[in-house]
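Step one of this worksheet: look at the structure below.
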Amino acid sequence: MASPAEPKKADLPRVDFVAHARARGIVNDCTDDDSLNALAAERIIPAYIGFDATADSLHVGSLLQIMLLRLLQRHGHKPIVLMGGGTTKVGDPSGKDEARKLLTEEEIARNIAGIRRIFDRFLVFGDGPGDAIMVNNADWLDKLEYIPFLREVGRHFSVNRMLTFDSVKLRLEREQPLSFLEFNYMVLQSYDFLELGRRYDCRLQMGGSDQWGNIVSGVDLNRRIDNRHVFGLTTPLIATASGAKMGKTAAGAVWLNAERLTPYDYWQFWRNTEDADVGRFLRLFTDLPLDEIAHLERLHGADINEAKKVLANEATALCHGRETAVEAAETARRTFEQGGIGKSLPTIDIPSGELTRGIPFFEALRRAGLATSNGEARRLIQQGGGYLNDQKIDDANAAVTLVHKNAEGVIKLSAGRKRHALLRPV
């Protein structure tokens, strides 16, 4: 895969950060716009967002926070990527119906390494005043002594107030268990902000709107203990125009690492954006200037597809590199406009012996990643969405064999007209 293009360094006025973020629709709420703008006029602002290491990749649900850090750096400020090596051991209850699985130290370290590769594509890391840094809250949380921590930090938290936060209140209202371990999460997150202020003079915490209660608690803790004036800023929770949760598809999460999701499938995710979302997603998930986006979102009818291709190209270039985005676009053109097979289509190696005997069509779809289970594959076929070499197949048990190889030596499988994969006999 081609190397991603270099992330952009500061190329926008430092003082315009909050206004630009609001213009692009990235800001949901801020504790004090005017004071934050005044501080930005005086100095570089170190700002952080925390990411727990629950998997070896982030998905599109975290992309808005990544783009906010990128925009912050483009305005000359300093991004701090806080990896939750410590808080991952606790589990954030926000938006969760049950406790998360507890991971081992080795699993957390492996996940952090995978996530770091994503940020290298979006941010410039280094030792300069506006260069990004990545830190791990296990560096201080793992060393805390319980009683001193309760005396220094815990006394500033009201249980009555904590019970009003959505992350706690919703779990209790649904009568779903909330462990004492999880209940401590917001205290630890607030302490992270305090510690980052002491170590890096961090003045701003950012995150999703579901983190608002935790963020303002950290702002308050900085004021109470260190008399430091800090700020909080949240992004909106993103849903599609039809109300679906952003980043969820029939095939599962839209991952940002190519090992989890091919760049072609990533390109296709953006290409399949609903018409009503194109302008908004161009503002949120690309670097394109606002005037150019305004032109693209005025397109309608068949022309809106050109705007969707721009969105897919720009989003994929940020995540996987410009060359890879061009390759994915060419694969899509060949697949859809010419009925051919592009080289970027997901390809799954299958032993020739298995194909000699024959694989049931439903199983081939599952193994190709076009269905998450045999049951889902059967339903897809029953609903008329299963294709073998562009021919609809109605029999879920029909055998896929070496006879189905095309002139390029592969077998093309499709789920509907937009999702495709290749089986390659080996």
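The figures here come from the full heavy-atom set of this structure, side chains too, leaving out hydrogens, waters and symmetry mates.
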- Item | Between Gln268 and Asp265: side-chain donor-acceptor atoms closer than 3.5 Å | no
By side-chain hydrogen bond (donor to acceptor under 3.5 Å, both in side chains), Asn137 pairs with (sequence neighbours left out) Thr87, Asp192
- Kindly say whether the aromatic ring centers of Trp270 and Phe285 come within a distance under 6.0 Å. yes
* Asked: Without hydrogens or angle criteria, can the side chains of Ser57 and Glu259 be said to hold a donor-acceptor pair below 3.5 Å?
  -> no
**Asked** Where the side chain of Arg366 meets the backbone of Thr372, is there a donor-acceptor pair that is under 3.5 Å apart?
**Response** no
Review point. Between Gln211 and Gln189, do the side chains contain an N or O donor and an N or O acceptor separated by less than 3.5 Å?
Key: yes
| request: Go through the steps for Asp33 and Phe231 under the test side-chain contact (heavy atoms from CB on, under 4.5 Å), then give the verdict. | output: CA-CA 9 Å; Asp33 276 38; Phe231 305 89; over 6 Å; no
With the threshold set at 4.0 Å, does a side-chain nitrogen-carboxylate oxygen contact exist between Asp201 and Arg203?
yes
Fill in: Backbone N/O of Asp56 and side chain of Asn257: donor-acceptor pair under 3.5 Å
yes
For Val135 and Ile80 the tightest heavy-atom approach is CG2-CG2, 3.9 Å
- [ ] Could you tell me whether a side-chain N or O of Asp349 sits under 3.5 Å from a main-chain N or O of Leu423, the two making a donor and an acceptor?
- [x] no
Less than 4.5 Å apart, any side-chain heavy atom of Gln65 and any of Met206?
no
For Phe125, does the six-membered ring have the charged nitrogen or CZ of Arg116 within the cation-pi criterion, i.e. under 6.0 angstrom from the centroid and within 45° of the normal?
yes
Item to complete: Establish, yes or no, whether the cationic atom of Arg70 lies under 6.0 Å from the six-membered ring centre of Phe122 and within 45° of the ring axis.
Response: no
- Task: Examine distances only and state if a side-chain atom of Thr31 and a backbone atom of Gly232 form a donor-acceptor pair shorter than 3.5 Å.
- Result: yes
- Answer yes if the ring centres of Phe193 and Tyr48 are under 6.0 angstrom apart, and no otherwise. yes
The residue among Asn313, Thr316, Asn272, Thr331 that forms side-chain hydrogen bond (donor to acceptor under 3.5 Å, both in side chains) with Trp267 is Asn313
